[in-house]
Protein chains: 2
Amino acid sequence: MDPNLVRTFMTVARLGSFSAAAAELGYTQSAVSQQIATLEADLGTPLLSRRPVAPTGAGERRLQHAGPLLLRIRAARADVRRVAAAPAHRLTLAAGPLALGPAVAARLARARVRLPRLTVTVRACAAGEAARLVAGGEAELGLVAGIAAPSDPLRLPDVGPLTATGAEEEPLVVALPDGHPLAGRAGLRLADLVDARWLRTPLCPLERLRDLAGDGFRAGLHYTGDDLRTVTSLVAAGHGLTLLPASAAPGVPLLAPRLVHRVELVHGALPPGPAADLAAALAPS
Amino acid sequence: MDPNLVRTFMTVARLGSFSAAAAELGYTQSAVSQQIATLEADLGTPLLSRRPVAPTGAGERRLQHAGPLLLRIRAARADVRRVAAAPAHRLTLAAGPLALGPAVAARLARARVRLPRLTVTVRACAAGEAARLVAGGEAELGLVAGIAAPSDPLRLPDVGPLTATGAEEEPLVVALPDGHPLAGRAGLRLADLVDARWLRTPLCPLERLRDLAGDGFRAGLHYTGDDLRTVTSLVAAGHGLTLLPASAAPGVPLLAPRLVHRVELVHGALPPGPAADLAAALAPS
DNA sequence: TCGTCTTACGAGAAGCGTAAGAATT
DNA sequence: AATTCTTACGCTTCTCGTAAGACGA
């Protein structure tokens, strides 16, 4: 239905209050009440329980759909506007944590020499957000990093027709605490480390490890940020192991190369122009 | 924006005419003209060229988004209604071609004995449509078949939060023409057959083969249907090779088991009831 | 000149805000 | 009694249909 109603519903569910949602969205409480009533009438089932305001079962389910749905709508708008827009001389490159490695950085430098009139802004973003920023039109290009089998594509969130090209692959290393018995070894295998405790961090998601290398990988400390220094300190202090791209952690045992750190460049429709030139330079295919 | 405008745009683009679209949708030409104008004003760019009526570049791009977008909207509606609906005693099982093999059929039979009050309709559908039917609410359960590496999940079209469970895996065989030199062999490898001509049919998509086993696999005759008898006849007459699940083509050389025929059961939210019971019986996890 | 899309204008419907009412704490 | 959601009602805005206009073939 009307995306505005969905947005209102999300806001009410998030704030747990009709009046607060109305204030945030610039409506009156009455309008919000009517909008929710419209949604519920359309679906033929209540989405929110009142007093206290909380989503019902059906409402929970509707909420799960809401985010991806609104994103797709924004993505469609952004994508079309991009096709129609004149070639711009400023562009934003969204980069997730660990996504901008030495190879890409070097290519970016060379490309900027070749394209002197192009102003590039690199925008840091959380893990998994780069693709969403590109889809939503807030960035022209995005760099997404992840762990994958060599030359396998990453699993990107589905946000519409984005093009993804491999931009960089480098070996993974296992960050180990100081004095760990395996620290001296040249090549480690994941199989030797399934029973260890692993840091939970967006930089090296445990679920991804389990997907790629089987169960195990017990969870250690949970760190929700993406600061590399913090991660290496936590590992050194023994809070858990983690995988890092080799260039980010020199002098650490390499992981036997069944898995690599892979970076992909994602973008939507790119009309010929500086943006397309930069994309070609960053991810030579 | 408004899904109705998108639907109108799709219709106009498909029919190449404002008046024809108006007739089909029950609007006047004027209304269609205004709706298209609204869409174009919203995006700030023309979507259709007039005389003749055909999509512009931006319009083409918008069309690519339109189908998935409307599907997701329908999926959200259907999913929520399913959660809220009372447990039903009739349900539809959508089955793509080659999806309902002997193991699933046997489980279905046993389940129907255990659930005598449940009326099941098996609805045949084109390859790749089963997931869409389930997402759109036209079927409660869906069976999707495809070629995959053993115990690897299939790649399903993204249509929202569907649950997929492996239901059956069986060996693949290579269907060869009569008197083919390799027909006597017990086990074949795909690598031996990359240079052969392969039937293009939805039952065994060439792109999927190339994805899984490298380039090659030259295209032979294109058959757009999914009739098994037709396929075997075409193969026998030498129009090209194809892969089939072993149970569908007895007495044919087995493919060395790097790839299997895999069937998955997909469904949306299933409140406790007969539908959930049947799902559990069809895909024991 | 005919067919087709666009624009102008009036009627109806839909949505929002104000304000009063109901329900829960 | 106070807070919060719902409902009633008037007003504005939007959308559709009719009808006239513009543009090509």
Side-chain angles (χ1 to χ4, degrees), chain A residues 1-60 62-63 66 69-70 73 76-77 80 84, chain B residues 1-60 62-63 66 69-70 73 76-77 80 84:
Chain A
M1 302 274 319
D2 186 350
N4 283 320
L5 301 190
V6 176
R7 188 186 53 157
T8 300
F9 171 55
M10 288 176 73
T11 309
V12 172
R14 174 165 51 84
L15 300 176
S17 156
F18 282 50
S19 5
E24 180 169 317
L25 297 172
Y27 288 115
T28 58
Q29 292 108 330
S30 165
V32 170
S33 183
Q34 293 174 60
Q35 292 188 11
I36 300 297
T38 302
L39 257 184
E40 292 181 328
D42 175 54
L43 292 170
T45 186
L47 294 173
L48 292 167
S49 66
R50 322 296 154 96
R51 284 177 226 279
V53 172
T56 62
E60 288 283 4
R62 189 67 190 81
L63 278 176
L69 192 57
L70 292 185
I73 291 173
R77 272 188 66 89
V80 171
Chain B
M1 304 280 317
D2 187 350
N4 283 319
L5 300 189
V6 176
R7 189 187 52 158
T8 300
F9 172 54
M10 287 176 74
T11 309
V12 172
R14 174 165 51 85
L15 299 176
S17 158
F18 283 50
S19 4
E24 180 169 318
L25 297 172
Y27 288 115
T28 59
Q29 290 108 333
S30 165
V32 171
S33 184
Q34 292 175 61
Q35 292 189 8
I36 300 296
T38 302
L39 257 182
E40 292 181 328
D42 175 54
L43 291 169
T45 185
L47 295 173
L48 293 166
S49 66
R50 322 295 154 97
R51 284 179 229 279
V53 172
T56 62
E60 290 282 3
R62 189 67 189 80
L63 278 176
L69 192 57
L70 293 186
I73 291 173
R77 273 188 65 87
V80 171

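In this text the structure is predicted, and so the values were computed from the model without any measurement.
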For the pair made of [atom1] in [X] and [atom2] in [N], what is the distance, rounded to whole Å?
X     : N      : atom1 : atom2 : value
B:F18 : C:dT4  : CZ    : C1'   : 10 Å
A:D2  : D:dC14 : CG    : P     : 13 Å
A:L25 : C:dG15 : CG    : P     : 16 Å
A:I36 : D:dT7  : CD1   : C1'   : 16 Å
A:N4  : D:dC14 : CG    : P     : 13 Å
B:Q29 : D:dA20 : CD    : C1'   : 14 Å

Between B:Q35 and B:D2, does the side chain to side chain contact (heavy atoms under 4.5 Å, CB included) criterion hold? Intermediate values first, please. CA-CA 10 Å; B:Q35 292 189 8; B:D2 187 350; over 6 Å; no
Reckon [X] touches a base, only the sugar-phosphate, or nothing at all at heavy-atom distances under 4.0 Å?
X     : value
A:V53 : sugar-phosphate
A:Q35 : sugar-phosphate
B:S33 : base
B:T38 : nothing

Closest heavy-atom contact between A:T56 and A:S49? CG2-N, 3.8 Å
Given the structure, check if the side chain of A:R51 and the base of C:dT25 hold any donor-acceptor pair shorter than 3.5 Å.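 Such a pair does not exist between side chain and base.
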Quick one: does B:S30 reach the base of D:dT18 with a side-chain donor-acceptor pair under 3.5 Å? yes
Closest nucleotide of DNA chain C for B:Q34 versus for B:A20: which of these residues is on the 5' side?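 Nearest nucleotide further toward 5': that of B:A20.
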For B:E40, the side chain to side chain contact (heavy atoms under 4.5 Å, CB included) test, sequence neighbours excluded, returns B:I36, B:P46, B:L47, B:L48, B:R50
Passes side chain to side chain contact (heavy atoms under 4.5 Å, CB included), B:R14 versus B:L63? Steps please. CA-CA 10 Å; B:R14 174 165 51 85; B:L63 278 176; over 6 Å; no
